[in-house]
There are 2 protein chains.
Amino acid sequence: MKIAILLYDNFTALDAVGPYEMLARLPGAEVVFTAARPGPVRTDLGSLALTADAALADLSAADLLLVPGGPGMARLMDDDQTLEWIRRVDTTTTWTTSVCSGSLLLAAAGLLHGRRATSHWICLDQLRLFGAVPVEQRAVFDGKYATAAGVSAGIDLALELAGRIAGDDVARQIQLVSEYDPQPPYTAGSLRTAPARLAELLRANDLAVTAG
Amino acid sequence: MKIAILLYDNFTALDAVGPYEMLARLPGAEVVFTAARPGPVRTDLGSLALTADAALADLSAADLLLVPGGPGMARLMDDDQTLEWIRRVDTTTTWTTSVCSGSLLLAAAGLLHGRRATSHWICLDQLRLFGAVPVEQRAVFDGKYATAAGVSAGIDLALELAGRIAGDDVARQIQLVSEYDPQPPYTAGSLRTAPARLAELLRANDLAVTAG
C-alpha cells in the first residue's frame, strides 16, 4: 500500500507526522514524502525541516494521499503544478485525505465539490467557496474523501482510516504501540470547550498566518 | 528560551514532533534540533527524515532539553558522546524532559537516580536498572525532570510544560491553535484499556525493535 504525503514550504509538522506515525505502521505500508523538489522542506515554525524523498514529478499514483495544512498552503491555492498533481494522484487513490487547512487544497483542486468536509476551525467556512459543505467535526468521511480538523485531529483520522483499511484489531495495535491514550491537561482544544476570548484573540492575531 | 531536541538514527518521529508542535509556539521559543552530525536523521519507520540543524558539539546549553525515544536509543545506552552531552546540557536546563524510551537515555546518563519517572509501557520496568522509580502515568514530574509515556504522550507532557513555563492561558491558546481535542476512534491506547491479547502480541513480536 503506497501512501503519498505532500510537503510544501510552511506546512504544519504535526499535520503530517501525526497521521504518518499511525499509517506507516499499517502492514505493507510504503510511505513517500513528496514535494515540488526532493530535499528538506521547512515547516511553518521555521526550526524544523522534513525530508521529501520524491519530487511531485516522480510520483503519479498512490493508494492513499494525505495533504497536510499550514500557512504555506495559501501560496498553493492557485499553483497549477500542485493542484494538477493532487488531481492526478486522486484518480489513482482508494483514499484521498487531508488534515487541517489541507482540505482547502483538496477543495481548490475541485475534489470536494458537493461533499461534506472539515478543516481547522479558523478556516472551516472557506470550504464553501469551493462548493464543499463544511462540517464541524473531528474527522469527516464522504466517499473516499476523509478530512480532519486542525493539526492534531490528523491522528484520530488516521486511526479511523487504519481501522477501515486493515481492520479494528490492527488499528487498536497501532494505538497501543503509540500509547495514544490522550489526557490533555487542559480542555481548550475546540471552539466548544475553549474560553471564547481565546478564540477571539487568535482570530484577531490572524492565526491563519501562524498555524494550519 | 532555547529548546534543544535530540535526534538520532531510528528515533520515533511523533516523540519529537508532538512536543515540538506545542513548545515551539511558546512566546520567545527558539528550538534547535541537534544530532551527532547536522543533516537529515532517519526515523525508525524508515520513510521519514528530520533535519538536525546543529551538531552536539555546537550546542552545550539549553533552557529545555527534550530526548525522544525509539528503537535507536538502544545503541546510545553506552555511547559516551551522547550521554556526556545530555549530562552537560542538563547542568544548564530549567527542564530536562523525555518522551517514551527517551527516559532510559536520561536514566543511563545518571540523571534519574532516585527519581520518579515514566516511559513506554514496554520498557517502563527497565528504569529500575538505573535506580529510577517507574511510575505508570502519562506524564511524571520530579523536580526539573519531566518524562512522558509512549510516543503520543509527549503532546500531553508538552502542554503541561507550556502551562508551567508560560501560564495556563498560553497553554490553552496552544491547545486551541493545534485543535487538541482528542477523540480516538478506539480505546486501546493503554495497558489499562487495550485487550490483554494485543499487549501480549506486541510483547511477543518484540515491540522494542519497532517502536519507542
Side-chain angles (χ1 to χ4, degrees), chain A residues 12-14 17-18 20-21 24-25 30-33 40 45-51 53 100 120-121 138-139 149-153 155-156 159-160 163 168-169 171-173 175-195 198-199 201-202 207 210-211, chain B residues 12-14 17-18 20-21 24-25 30-33 40 45-51 53 100 120-121 138-139 149-153 155-156 159-160 163 168-169 171-173 175-195 198-199 201-202 207 210-211:
Chain A
T12 298
L14 189 56
V17 175
Y20 166 74
E21 197 66 58
R25 294 181 189 281
E30 180 209 345
V31 183
V32 184
F33 284 88
L45 300 170
S47 40
L48 174 60
L50 270 61
T51 301
D53 285 325
C100 204
H120 194 289
W121 56 266
R138 193 112 178 117
V151 193
S152 62
I155 299 173
D156 293 330
L159 266 184
E160 173 84 32
D168 293 341
D169 247 29
R172 286 193 189 100
Q173 254 182 276
Q175 186 182 12
L176 184 54
V177 167
S178 54
E179 213 161 341
Y180 185 48
D181 174 36
Q183 297 167 29
Y186 300 94
T187 53
S190 75
L191 287 186
R192 254 182 315 104
T193 58
L198 289 187
L201 194 65
L202 291 169
L207 168 64
T210 60
Chain B
T12 299
L14 189 56
V17 174
Y20 166 74
E21 196 67 58
R25 295 180 190 279
E30 181 208 343
V31 183
V32 185
F33 284 89
L45 299 171
S47 40
L48 174 60
L50 269 62
T51 301
D53 285 324
C100 204
H120 194 288
W121 56 267
R138 192 109 178 119
V151 194
S152 63
I155 299 174
D156 293 330
L159 267 184
E160 173 85 33
D168 293 340
D169 247 29
R172 287 193 189 100
Q173 253 181 276
Q175 186 182 9
L176 184 53
V177 167
S178 53
E179 214 161 340
Y180 185 48
D181 174 35
Q183 297 167 28
Y186 300 94
T187 54
S190 76
L191 287 186
R192 252 183 316 104
T193 58
L198 288 187
L201 194 66
L202 291 169
L207 169 64
T210 59

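Just so it is clear: chains get the letters A, B, ... in the order the sequence lines come, proteins before strands, and each one is counted from 1.
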For the candidates [options], which exhibits the highest count of non-hydrogen atom pairs separated by less than 4.5 Å from chain A?
{"options": "B/Ser47, B/Ala49, B/Gly163", "result": "B/Ser47"}
{"options": "B/Thr51, B/Leu48, B/Leu50, B/Leu191", "result": "B/Leu48"}
{"options": "B/Ile155, B/Asp169, B/Thr193", "result": "B/Asp169"}

### Task
Apply the test side chain to side chain contact (heavy atoms under 4.5 Å, CB included) to residues B/Tyr20 and A/Val17: give CA-CA distance (whole Å), side-chain angles for both, the deciding distance (0.1 Å), then the verdict.
CA-CA 11 Å; B/Tyr20 166 74; A/Val17 175; over 6 Å; no

### Task
State, without any angle test, whether A/Arg192 and A/Thr187 hold a side-chain donor-acceptor pair at a distance under 3.5 Å.
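Looking only at side-chain atoms, A/Thr187 and A/Arg192 do not form any donor-acceptor pair under 3.5 Å.
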
### Task
Can you tell which part of A/Ala199 gets under 4.5 Å to a heavy atom of chain B, answering side chain, backbone, both or neither?
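Backbone plus side chain of A/Ala199, per the 4.5 Å heavy-atom cut-off to chain B.
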
### Which of A/Glu30, A/Arg172, A/Arg138 touches chain B most, by non-hydrogen pairs under 4.5 Å
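The residue among A/Glu30, A/Arg172, A/Arg138 with the greatest pair count is A/Arg138.
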
### Query
Which one of A/Ala139, A/Pro184, A/Ser190, A/Ala194 has the most heavy-atom pairs closer than 4.5 Å to chain B?
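Looking at each option in turn, the highest pair count goes to A/Pro184.
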
### Query
Where do B/Val151 and A/Val177 come nearest, in terms of heavy atoms and distance?
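Shortest heavy-atom separation between B/Val151 and A/Val177 comes out as CG2-O, 3.8 Å.
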
### Query
About how many Å separate CG of A/Leu159 and CZ of A/Arg25, when rounded to the nearest 0.5 Å?
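These two atoms lie 11.0 Å from each other.
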
### Query
Sequence neighbours excluded, which residues qualify as ring-ring contact (aromatic ring centres under 6.0 Å, His included) partners of A/Tyr180?
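Partners of A/Tyr180 under the ring-ring contact (aromatic ring centres under 6.0 Å, His included) test: none.
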
